[in-house]
Each structure stands twice: as structure tokens, then as C-alpha cells.
Amino acid sequence: MCDSGQQKVEEKLPEETLKRWESEQAALKLQVIENNTEEWQEDPLFCGLERVAGVDLSFIKGDDVTACAMLVVLSYPELEVLYEDCQMVAITAPYIAGFLAFRETPFLVEAVLRLQREKPSLVPQVIFVDGNGLLHHRGFGLACHLGVLTRLPCIGVAKNLLLVPGAPGKEEFKDQVKAMQKAGDSFSVTDTCGRVLGKALRSCDKSTKPIFVSVGHQISLDSALRLTQSCCRHRIPEPIRQADIRSREF
DNA sequence: GCGACAG
DNA sequence: ATCTTGTCGC
């Protein structure tokens with residue numbers, strides 16, 4: 001009777017925890033490198049790039065705790081799966097927009113460490129992360145977080161636009177989306193000050209719904225956008241798509 | 001004040 | 001994230 005709609009079992013975090021998370025993000029943000037650090041990143045054809053990775057967590061229907069952490073490594077430019085690591089994990093942190101990293105990062109870092117330990121030759125040269133990088137409330141999304149902790153180049157790819165203080169107005173946004181007619185078209189997402197936080201990209205001709213690319217770590221936005229597009233056979237870049245698909249069949 | 005809000 | 005079949009189209 002007191003039930004109004006679907007209530008989610010969201011743990012209430014102490015205000016103090018959020019403050020601690022915010023300061024942790026601020027501290028780690030100082031280590032983010034927002035430009036290219038590798039030679040292949042400047043090459044028009046990404047010559048020298050051989051391995052790209054994708055990471056993703058999948059959950060089960062009614063279970064808010066159990067998840068499957070997936071890391072896949074694909075060859076480039078063929079985009080064939082070279083490596084797959086799936087681990088069932090117990091999530092501790094709740095989902096809070098702006099703090100996704102504290103929920104997923106621990107398990108993704110674990111997966112990268114396992115790979116470095118067991119198959120060093122397959123360690124990726126860049127990781128596609130399902131979430132944002134600099135396109136974030138405090139300029140430090142999941143892709144930045146994972147990049148700093150692993151010291152690997154990371155690209156943030158979100159399927160939906162995260163509402164950040166200076167981001168697009170709804171009407172203007174719709175018009176900009178409509179203006180993208182073909183695969184590869186894009187427009188900048190900026191903050192209040194006009195700084196570019198990321199790009200909305202039409203990743204394929206089939207879908208009109210854009211994806212949102214932003215810098216995670218050790219790669220420029222231009223290179224990130226170019227590489228993302230070159231990894232798109234469907235709307236979602238193949239590395240993330242494979243991680244997503246394979247994490248559900250377990 | 002209320003709502004919106006990556007996965 | 002997950003709940004979900006058929007259906008329209010290349």
C-alpha cells in the first residue's frame with residue numbers, strides 16, 4: 001500500500017563516503033594524460049596498433065550483487081577475439097551517476113592484472129571502456145579512472161549522454177543529432193565554459209542514435225574519435241560489443 | 001524543492 | 001545494468 005512504483009534496493013551512502021570519493025577523483029585526476037603518448041596514435045592508419053581491448057560488467061535479472069566482469073582483447077585491424085577473461089564478482093558499491101568507477105573499477109583492474117601476469121604478450125595497447133572519461137561531472141569518469149590505475153591508454157564510450165552542468169540543451173541537442181547524416185559525423189559536447197569534453201558520434205549508417213566518446217587516458221580526443229570509428233562494425237565499437245555479448249553468455 | 005543522472 | 005516478442009528491413 002505504501003509501495004509507490006518500483007523501489008530499488010539502494011544502499012544509502014554516508015555523505016562522508018561521497019566526499020571521500022570526490023576527493024579521490026580529484027587527486028587521481030591530476031595524473032590523467034589527455035594527449036597522445038604512443039606513436040601509433042598519430043598514424044593515419046594506426047600503424048603499430050595490434051591489440052585493442054574492451055571491458056564491461058553484466059548483471060543478472062533480480063540480483064544487484066552478482067556480476068560478470070569481462071575483459072576481451074581483439075586484434076587490430078581485424079577485430080578478432082584473441083583473449084577473453086570472465087570473472088564472477090560480488091559488487092559492493094551502489095550505482096550513483098558520477099561515481100560509476102567505484103562500482104566497477106576494482107574488478108576491471110583485477111582483470112587487467114590477471115592478463116599482465118598470465119599473458120603479458122596479449123596486454124592491449126588501448127582499452128575501450130563502457131562509460132565516460134573526461135565527459136563527467138568532475139572531469140574524471142570511469143575511463144579516466146581505469147586508465148590512471150592501469151597506466152594504459154583508455155577511451156570512454158557511453159551509449160547515453162551523461163548530464164553534466166554545462167552540457168547541451170535538449171532542443172539544440174536534437175537538432176545536432178539530426179544533422180549527423182552519415183557514419184563518422186560528429187559534434188562536440190562542451191561544458192559551460194565552452195571547453196570540449198567529448199564528441200557525439202554517429203558510429204554507423206544504420207543507427208541514428210549517437211555514442212559519446214571522450215578521453216580516458218593517454219590519448220587525444222581526435223585520436224580517440226578516429227579509432228572508435230574505425231572499430232565500429234555496429235553502433236557500439238567491437239571491443240565493447242564483444243565484451244558485452246560474451247559477458248551475458250555464462 | 002524536485003527532477004534528471006554513464007552502468 | 002535488467003525486465004522482453006514480434007516485427008520490419010537490408
Side-chain angles (χ1 to χ4, degrees), chain A residues 4-11 13 18 21-22 25 29 54-71 86-109 111 127-147 154-171 173-174 182-183 189 191 197-201 203-217 224 228 233-237 239-241 243-250:
Chain A
S4 58
Q6 47 191 341
Q7 64 218 9
K8 257 206 163 167
V9 190
E10 283 192 9
E11 317 163 25
L13 291 186
L18 286 182
W21 283 357
E22 279 184 19
Q25 289 179 326
K29 179 168 172 54
V55 291
D56 183 47
L57 289 211
S58 285
F59 296 79
I60 311 177
K61 41 185 176 182
D63 197 332
D64 285 343
V65 178
T66 309
C68 172
M70 175 69 72
L71 165 64
C86 179
Q87 190 76 39
M88 297 305 295
V89 298
I91 304 294
T92 54
Y95 168 68
I96 300 175
F99 298 94
L100 178 61
F102 295 93
R103 182 170 161 86
E104 302 197 347
T105 286
F107 310 104
L108 299 180
V109 170
I127 302 176
F128 284 88
V129 180
D130 66 336
N132 294 293
L134 296 181
L135 181 37
H136 178 271
H137 302 59
R138 290 164 293 281
F140 193 73
L142 175 58
C144 298
H145 210 125
L146 184 63
C154 284
I155 298 174
V157 178
K159 297 182 285 292
N160 295 97
L161 180 61
L162 174 60
L163 228 321
V164 300
K170 191 171 182 182
E171 288 308 316
F173 180 70
K174 281 184 178 176
K182 61 180 192 302
V189 177
D191 64 8
L197 302 180
K199 296 274 191 174
L201 168 70
S203 56
C204 65
D205 290 318
K206 312 273 282 186
S207 174
T208 60
K209 185 173 184 178
I211 58 176
F212 303 89
V213 180
S214 60
V215 170
H217 189 48
T228 298
R233 298 189 183 185
H234 303 282
R235 184 171 85 102
I236 305 302
I240 292 180
R241 183 166 169 273
D244 186 39
I245 292 174
R246 289 160 186 264
S247 67
R248 300 193 200 198
E249 27 184 70
F250 59 117

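Just so we're clear, the structure is a prediction, and the values are computed from it rather than from any experiment.
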Base, sugar-phosphate or nothing for [X]? Non-hydrogen atoms, less than 4.0 Å.
{"X": "A:D63", "answer": "nothing"}
{"X": "A:F99", "answer": "base"}
{"X": "A:G156", "answer": "nothing"}
{"X": "A:N132", "answer": "base"}

Among the candidates [options], find the nucleotide nearest to the side-chain atoms of [X].
{"X": "A:S58", "options": "B:dG7, C:dT2, B:dC5", "answer": "C:dT2"}
{"X": "A:K61", "options": "B:dC5, B:dG7, C:dC3", "answer": "C:dC3"}
{"X": "A:A158", "options": "B:dC5, C:dT2, B:dG7", "answer": "B:dG7"}
{"X": "A:K206", "options": "B:dA6, C:dC10, C:dT2", "answer": "C:dC10"}

Please state how far atom [atom1] in [X] lies from atom [atom2] in [N], giving the value in whole angstrom units.
{"X": "A:F128", "N": "B:dG7", "atom1": "CZ", "atom2": "P", "result": "16 Å"}
{"X": "A:I96", "N": "B:dG7", "atom1": "CD1", "atom2": "P", "result": "16 Å"}
{"X": "A:K209", "N": "B:dA6", "atom1": "NZ", "atom2": "P", "result": "10 Å"}
{"X": "A:F140", "N": "B:dA6", "atom1": "CZ", "atom2": "C1'", "result": "15 Å"}
{"X": "A:L135", "N": "B:dC5", "atom1": "CG", "atom2": "C1'", "result": "12 Å"}
{"X": "A:L162", "N": "B:dG3", "atom1": "CG", "atom2": "C1'", "result": "15 Å"}
{"X": "A:L134", "N": "B:dA6", "atom1": "CG", "atom2": "P", "result": "18 Å"}
{"X": "A:F102", "N": "C:dA1", "atom1": "CZ", "atom2": "C1'", "result": "19 Å"}

Does a side-chain heavy-atom distance below 4.5 Å link [X] with [Y]?
{"X": "A:I127", "Y": "A:L146", "result": "yes"}
{"X": "A:F212", "Y": "A:V157", "result": "no"}
{"X": "A:I91", "Y": "A:D64", "result": "no"}

#### Entry: Mutual orientation of the aromatic rings belonging to A:F140 and A:H145 [parallel < 30°, tilted 30-60°, perpendicular > 60°]
tilted
Check this one for me: any side-chain N or O of [X] less than 4.0 Å away from OP1 or OP2 of [N]?
{"X": "A:R103", "N": "B:dA6", "value": "no"}
{"X": "A:Y95", "N": "C:dA1", "value": "no"}
{"X": "A:N160", "N": "B:dC5", "value": "no"}
{"X": "A:K159", "N": "B:dA6", "value": "no"}

#### Entry: Interatomic distance, A:D130 atom CG to A:I236 atom CD1 [nearest 0.5 angstrom]
9.0 Å
### Query
With centres under 5.5 Å and planes under 30° as the test, does A:F212 stack with B:dA6?
no
### Message
Whether A:R138 engages the ring of A:F99 as a cation-pi pair (distance to the six-membered ring centre under 6.0 angstrom, angle to the ring normal within 45°) should be assessed.
### Response
yes
